2 protein chains.
Amino acid sequence: MSETPHILHKKLTMQDVADAAGVSPMTVSNCFRYPDRVREKTRSTVMKIAAELGYVPNLSAGTLAAGSSRVIGAVLPSMRNSSFYNYTAGLRRAAAERGFELITMIAETPEEELSAVQTLLGLRVAGIALVAGPHAPELRQLLVLAGVPVVESWGGDGAIGRGVSYDVGAASRALTRHLIAQGRRRIGFVEVTGGGGQRYAMRLPAFRQEMFAAGLSDSLVLTVRAADGFGSGARILDEFLATDPNLDAILCPTDVVAAGALFECQRRGLSVPGDIAVAGWGDYDIGRQVSPTLTTVRAFSDEIGKGAIEVLVSGEGAKAPLSTPFALEVRESA
Amino acid sequence: MSETPHILHKKLTMQDVADAAGVSPMTVSNCFRYPDRVREKTRSTVMKIAAELGYVPNLSAGTLAAGSSRVIGAVLPSMRNSSFYNYTAGLRRAAAERGFELITMIAETPEEELSAVQTLLGLRVAGIALVAGPHAPELRQLLVLAGVPVVESWGGDGAIGRGVSYDVGAASRALTRHLIAQGRRRIGFVEVTGGGGQRYAMRLPAFRQEMFAAGLSDSLVLTVRAADGFGSGARILDEFLATDPNLDAILCPTDVVAAGALFECQRRGLSVPGDIAVAGWGDYDIGRQVSPTLTTVRAFSDEIGKGAIEVLVSGEGAKAPLSTPFALEVRESA
DNA sequence: CAAATTTTTTGTAGCGCTACAATTCTGCCG
DNA sequence: CGGCAGAATTGTAGCGCTACAAAAAATTTG
């Protein structure tokens with residue numbers, strides 16, 4: 001009685017388009033995959049009819065028959081900050097330029113990441129872009145066995161597949177040297193261990209190295225498990241000042257945290273950079289907007305994305321990590 | 001000479017796993033798709049062998065054979081703010097609960113969106129989640145012809161597929177009434193036209209309605225093409241004060257813009273909310289962190305995502321838009 | 001204008017998996 | 001211990017497309 005009279009979507013196949021256009025299915029296939037193989041006139045007829053019918057080639061069938069696809073998969077740990085935004089934009093742009101489509105999957109835990117990779121593998125994507133961080137133990141072998149091109153962005157030497165990253169250590173040294181050159185002596189460093197810890201791992205040794213070289217104490221290190229949002233910036237400042245009231249600079253893990261610390265300084269009536277220099281990391285939007293503007297490290301995340309695609313597409317997976325540029329952005333806060 | 005001795009990745013198929021486990025391919029298939037149909041003992045053997053071999057079922061083949069997949073596709077206009085972050089998180093969580101995987105594609109223009117939808121259609125996804133905004137003209141018909149379940153998040157009556165959204169008009173009225181109740185009289189409203197304009201469309205009429213009802217002037221409307229980042233907040237404040245130096249409140253399109261306006265107020269020595277009330281929209285992280293904290297509208301974007309998945313999975317595409325909750329978050333700035 | 005060449009178009013034969021029906025195996029009752 | 005219902009397993013027959021080789025058509029050449 002109450003049956004909804006659904007439209008009969010007899011599924012369109014290449015054959016339907018071929019019939020309507022008076023050509024063979026292979027010609028339709030060629031129109032989509034190798035336009036150059038088909039005469040201009042034939043192609044335009046076929047494409048017009050395909051569009052009229054609303055035909056979209058079945059990629060599943062195509063991938064199955066061809067054994068490969070023109071889709072690249074990326075797994076992201078989260079989409080919260082502009083680094084990842086720029087990274088994804090770089091991936092997408094570079095993929096598009098080379099005729100690939102990019103699909104992304106979000107995974108917040110190693111288990112979710114593993115599951116996402118399995119889906120991507122199941123889709124038989126042409127390549128997989130991972131982000132450095134804690135991985136499930138089975139992940140590496142799974143990817144090796146699958147034999148798919150893989151890159152690990154922000155990954156260093158032990159990367160799964162090939163690493164694509166900027167030199168975090170060099171950036172950290174440059175930033176530390178800058179603070180020292182500005183006359184800072186009691187510099188606090190915030191070390192992050194949880195979550196994306198791996199991506200930050202080289203910062204602390206580099207910091208220590210420069211502090212040591214300058215004959216300064218590298219003991220003002222605060223270890224936090226995770227640092228997200230402005231709130232943690234405030235908490236970090238709290239703890240640092242409790243440890244050493246004469247602190248004259250802090251190195252924060254991200255611009256967001258730095259902004260949080262900055263707001264807290266303002267709340268306490270501390271002048272930045274007069275009393276305390278505050279340095280961020282990552283060149284997020286916010287760092288350009290707060291007052292004073294934040295001195296930070298710019299990672300050109302879009303270049304990382306672009307590099308990742310190039311590595312995946314070129315198939316040069318076995319080489320040393322690809323290094324992308326970075327820049328020290330000296331602004332007002334330090 | 002310099003040939004890299006590549007490992008011979010003879011592609012693993014279900015047959016290989018079946019042989020190794022001493023069962024038929026169909027049993028392997030059932031283990032993955034319908035675990036209940038297989039005896040516990042058989043299943044554990046098969047799954048163990050599959051894991052050892054690093055076998056991952058070919059979803060392309062599966063989708064082709066079954067005619068449908070357990071993957072849902074979402075197209076996002078950008079990933080810049082926490083609304084979309086929460087939205088995606090809601091999508092992902094709800095999809096996982098129902099045994100679906102979520103893949104996302106980013107599209108910044110209507111053309112890119114169309115292309116993304118074609119890829120998703122080609123993958124024969126089980127459903128597509130769109131975000132309201134300007135669409136390519138062909139998009140609607142393409143989706144109708146494809147007969148795929150579609151939802152348009154933040155979409156209203158004219159949505160492609162089924163709309164899932166909170167009542168933007170009601171939220172705007174509530175916020176306006178709140179400002180009026182606080183004694184504000186010269187209230188400026190920022191109207192956004194470009195990009196995601198559609199998602200904001202109902203705000204201005206609702207604002208006017210309440211201003212009119214209160215016998216106030218609704219003429220302080222500033223129209224901007226796009227409002228992104230803190231910078232536009234500063235510019236907007238500039239322009240409003242040039243138009244009416246006695247302005248006592250502004251309604252910003254997002255918390256980010258509101259924060260920018262707030263910073264600009266502080267730079268000019270204007271007290272918030274003393275001299276000017278500033279209201280944001282969207283309940284982004286930043287609104288909780290700046291001082292004063294921002295009064296805003298909370299959209300529960302994760303609920304929109306959850307609702308979208310429910311609509312897609314249940315197949316109830318023809319009904320009226322699904323309405324999700326919202327809340328007026330009264331904080332310090334207004 | 002026939003022969004040689006190049007460009008277009010077209011069959012054939014699967015790709016790896018799943019729906020479905022048919023078959024074989026269990027355990028259990030009379 | 002035969003007979004049976006129900007559970008577990010297994011063939012069969014494609015899903016829609018593309019690689020490849022072969023055929024046909026268009027173009028050039030002698």
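What you are looking at is a predicted structure, and each value in this text was computed from that prediction instead of being measured. Naming: A, B, ... by sequence-line order, numbering from 1 per chain.
Remark: P of dC15(D) and CE of Met14(B) are 19 Å apart, rounded to the nearest angstrom. Atom CG in Leu123(A) sits about 16 Å away from atom P in dG16(C), given to the nearest Å. Counting to the nearest Å, the P atom of dC15(C) and the CG atom of Asp16(B) are 12 Å from each other. Remark: C1' of dT9(C) and OH of Tyr34(A) are 16 Å apart, rounded to the nearest angstrom. dT18(D) atom P lies 9 Å from atom CG of Asn58(A), rounded to whole Å. Taking atom CE of residue Met26(B) and atom C1' of nucleotide dC20(C), one finds them 9 Å apart after rounding to whole Å. Rounded to whole angstrom, the span from the CG atom of Leu12(B) across to the P atom of dG16(C) amounts to 10 Å. Distance NZ (Lys11(A)) to C1' (dC17(D)): 14 Å, rounded to an integer number of Å.
Around CD of Glu52(A), the count of heavy atoms belonging to other residues, nucleotides or ligands within 6.0 Å exceeds 12. Within 6.0 Å of atom CZ in Arg43(B), more than 12 heavy atoms from other residues, nucleotides or ligands are found, so the atom counts as buried in its surroundings.
The Thr13(B) side chain lies nearest to dC17(C) when the options are dC17(C), dT18(D), dG16(D).
Put simply, Ser29(A) has a side-chain N or O that comes within less than 4.0 Å of OP1 or OP2 on dT18(D). Look at Thr27(B) and you'll find a side-chain N or O under 4.0 angstrom from OP1 or OP2 of dT10(D). A sub-4.0 Å separation between OP1 or OP2 of dT18(D) and a side-chain N or O of Arg33(A) is present.
In this structure, the ring of Tyr87(A) has its center less than 6.0 angstrom from the ring center of Trp154(A).
If you check the side chains of Ser115(A) and Glu101(B), you find a donor sitting under 3.5 Å from an acceptor.
Contacts with DNA chain C (heavy atom under 4.0 Å) in residues 42-57 of chain B: Tyr55(B), Pro57(B), listed by number.
Counting any heavy atom pair closer than 4.0 Å across all strands shown, Phe32(A) reaches no nucleic acid atom. Using a 4.0 Å heavy-atom criterion, one finds that Gly67(A) contacts no nucleic acid atom at all. As judged by a 4.0 angstrom heavy-atom cut-off over every strand, Arg37(A) is placed among the base-contacting residues.
Place Val23(B) and Leu64(B) on DNA chain D by their nearest nucleotides, and Val23(B) ends up nearer the 5' end.
Taking the centre and axis of the six-membered ring of Phe100(B), the NZ or CZ atom of Arg98(B) falls outside the cone set by 45° and 6.0 Å.
The backbone N or O of Val38(A) sits nowhere less than 3.5 Å from a side-chain atom of Thr42(A) that would complete a donor-acceptor pair. Side-chain atoms of Thr104(B) do not come within 3.5 Å of backbone N or O of Val75(B) as any donor-acceptor pair.
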